Number of protein chains: 2
Amino acid sequence: MSDSDDLSTAAEPGYALDAFDRRILARVQSDCHRPAESIAAEIGLSASAVQRRLRRLRERGVIRAEVALLDAAALGVGLTLIAGIGFEREHYAALARLRALLAPEPAVQQAYSTTGDDDLVVILRVADMPAYDRLCARWMAQVPQIGRITTQVVIEPLKVGLALPVPGGD
Amino acid sequence: MSDSDDLSTAAEPGYALDAFDRRILARVQSDCHRPAESIAAEIGLSASAVQRRLRRLRERGVIRAEVALLDAAALGVGLTLIAGIGFEREHYAALARLRALLAPEPAVQQAYSTTGDDDLVVILRVADMPAYDRLCARWMAQVPQIGRITTQVVIEPLKVGLALPVPGGD
DNA sequence: TGTGAAATTTAAGATAG
DNA sequence: CTATCTTAAATTTCACA
């Protein structure tokens, strides 16, 4: 129940978004509590049309979830870290094991499997460095084939969000 | 209006969250449309008490925003990239200029100022590589002091979310 | 904090352009 | 597909004890 955001729910293709959909999406992705009528007035549609579209967008999975964004400092997880993880070629199979380990971890905000220097890039939020140390120690213990973990400490999060660019959303 | 998530709104300290607050937060951060009564029943509180707490949490900035998470593929921004940006020591002042440039960029999902190999780590979503090329070209043109941009292409987003770990939230 | 009433919002259906 | 209107249900807001 803790983590809603694996990407298992992908929107079905085949249905294109029209300009109205995009304008609705641009609005709910910055505030999903706005009444349909308020959106309707802004984009020139009736409230029921907006509700109909919202329902369909949710059903199709275009809207994946509606969530509250919390203040990290208030929750005592003020430390953000970016970890680049690399595997040696001969242990590449162990990557799958680590992936399975990372996703359920509450401290893990995001995890990306990448090309380039790292095999995995992980963004995490913890209370302090000792907490991060404990995490790394656990991972290394459970997946000893990890080649290296390169950690960057975040000085300041300049922008933190998941709002996607919506082409005709203005 | 496009980007709600710079961190300008920090929750005021001085008010501690109690166990009820944390249990409420843990729930709304995975679904902010849940009726207060449903949450209330789960944590053993009345619906209006939950509403009152939600309002206070919003006012204090503990709840920073309530937003819809959209499907990247449906919006045609299926390509995720992680860019590490570095400056030479003598051009370090130009970093502030680039920071100001990055935040308003719709393609920029997150930007972190970091210690370590990179001065800046940026996660972005674009339609395709040419789109990314254009972005980089613009940045390099507007801030020529950029030393290097090391790009990692995301093969697969394993976990994408902003749900923070909530200590007593179960 | 809880209870209960009022106001708002959502949801669903029916009709028509 | 849309707008409008109607009805019902669900939810939030606000008074008060």
Side-chain angles (χ1 to χ4, degrees), chain A residues 1 4 9 11-71 74 166-170, chain B residues 1 4 9 11-12 14-71 74-76 166 168-170:
Chain A
M1 62 113 244
S4 51
T9 49
E12 322 159 22
Y15 284 96
L17 305 172
D18 66 10
F20 285 127
D21 286 327
R22 280 193 287 268
R23 298 183 74 188
I24 292 171
L25 291 173
R27 283 156 182 79
V28 294
Q29 98 169 321
S30 77
D31 178 4
C32 65
H33 275 186
R34 286 186 58 177
E37 186 166 343
S38 151
I39 298 176
E42 207 168 299
I43 70 178
L45 218 55
S46 76
S48 59
V50 170
Q51 285 188 330
R52 219 176 349 214
R53 283 166 181 270
L54 275 173
R55 183 171 47 76
R56 276 204 305 265
L57 291 168
R58 284 189 260 252
E59 285 172 356
R60 290 185 203 162
V62 178
I63 295 177
R64 294 222 321 274
E66 284 151 284
V67 306
L69 304 184
L70 309 185
D71 184 88
V166 181
D170 314 299
Chain B
M1 62 115 248
S4 50
T9 49
E12 322 159 22
Y15 285 97
L17 305 172
D18 67 9
F20 284 129
D21 286 328
R22 280 193 286 269
R23 299 183 74 188
I24 292 171
L25 291 173
R27 282 155 183 79
V28 294
Q29 95 169 324
S30 76
D31 178 2
C32 66
H33 273 329
R34 282 187 62 175
E37 188 167 340
S38 149
I39 298 176
E42 209 168 299
I43 70 179
L45 219 55
S46 76
S48 59
V50 171
Q51 304 268 25
R52 236 188 324 255
R53 282 166 181 269
L54 277 173
R55 184 173 49 75
R56 276 204 304 264
L57 291 168
R58 284 188 262 252
E59 284 171 358
R60 289 187 205 159
V62 178
I63 294 178
R64 293 223 318 274
E66 284 151 284
V67 306
L69 303 184
L70 310 184
D71 184 88
L75 289 170
V166 181
D170 314 299

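Numbers restart at 1 for each chain; the letters A, B, ... are given by sequence-line order, proteins then strands. For clarity, every value in this text was computed on a predicted model and none was experimentally measured. Computed over heavy atoms, backbone and side chain alike; hydrogens, waters and symmetry mates excluded.
- Of the candidates D/dT12, D/dA3, C/dG2, D/dA3 carries the atom nearest the A/Ala49 side chain, counting heavy atoms from C-beta on.
- Counting any heavy atom pair closer than 4.0 Å across all strands shown, A/Ala47 reaches no nucleic acid atom.
- How far CG of B/Leu54 is from CZ of B/Arg27: 12.0 Å, rounded to the nearest 0.5 Å.
- In terms of phosphate contacts, B/Arg55 brings no side-chain nitrogen or oxygen within less than 4.0 Å of OP1 or OP2 of D/dC14.
- For the pairing with B/Val62, the side chain to side chain contact (heavy atoms under 4.5 Å, CB included) check across B/Asp21, B/Leu25, B/Ile24 returns one residue only, B/Leu25.
- The nearest whole Å value for the distance from the CD atom in A/Gln51 to the P atom in D/dT2 is 13 Å.
- For A/Ser46, the listed nucleotide lying nearest its side chain is D/dT4; candidates were C/dA11, D/dT13, D/dT4.
- Distance A/Glu37 CD to C/dT9 C1': 9 Å, rounded to the nearest Å.
- The existence of a salt bridge linking A/Arg23 and A/Glu42 is excluded, since no basic side-chain nitrogen approaches an acidic carboxylate oxygen closer than 4.0 Å.
- Rounded to the nearest 0.5 Å, atoms CD (B/Gln29) and CZ (B/Arg64) are 11.5 Å apart.
- Residue A/His33 contributes atom NE2, which lies 13 Å from atom P of C/dT9 at whole-angstrom precision.
- A/Ile43 places its CD1 atom 10 Å from the P atom of D/dT2, with the value rounded to the nearest Å.
- D/dA3 atom P lies 7 Å from atom CZ of A/Phe20, rounded to whole Å.
- Residue A/Arg58 has its side chain nearest to C/dA11 when only C/dA11, D/dC1, C/dG2 are considered.
- Closest to the side chain of A/Pro35, from the set C/dT9, C/dG2, D/dC1, is C/dT9.
- One interatomic measurement links the two molecules: CD1 of B/Ile39 to C1' of D/dA10, which rounds to 15 Å at whole-angstrom precision.
- With hydrogens and angles ignored, the 3.5 Å screen pairs a side-chain donor or acceptor of A/Arg22 with a backbone N or O of A/Leu17.
- Counting any heavy atom pair closer than 4.0 Å across all strands shown, B/Arg52 reaches a base atom.
- Rounded to whole Å, atom P of D/dT12 lies 14 Å from atom CG of B/Leu45.
- Rounded to whole angstrom, the span from the CZ atom of A/Arg34 across to the P atom of D/dT11 amounts to 22 Å.
- The residue among A/Asp18 and B/Cys32 whose nearest nucleotide of DNA chain D lies closer to the 5′ end is A/Asp18.
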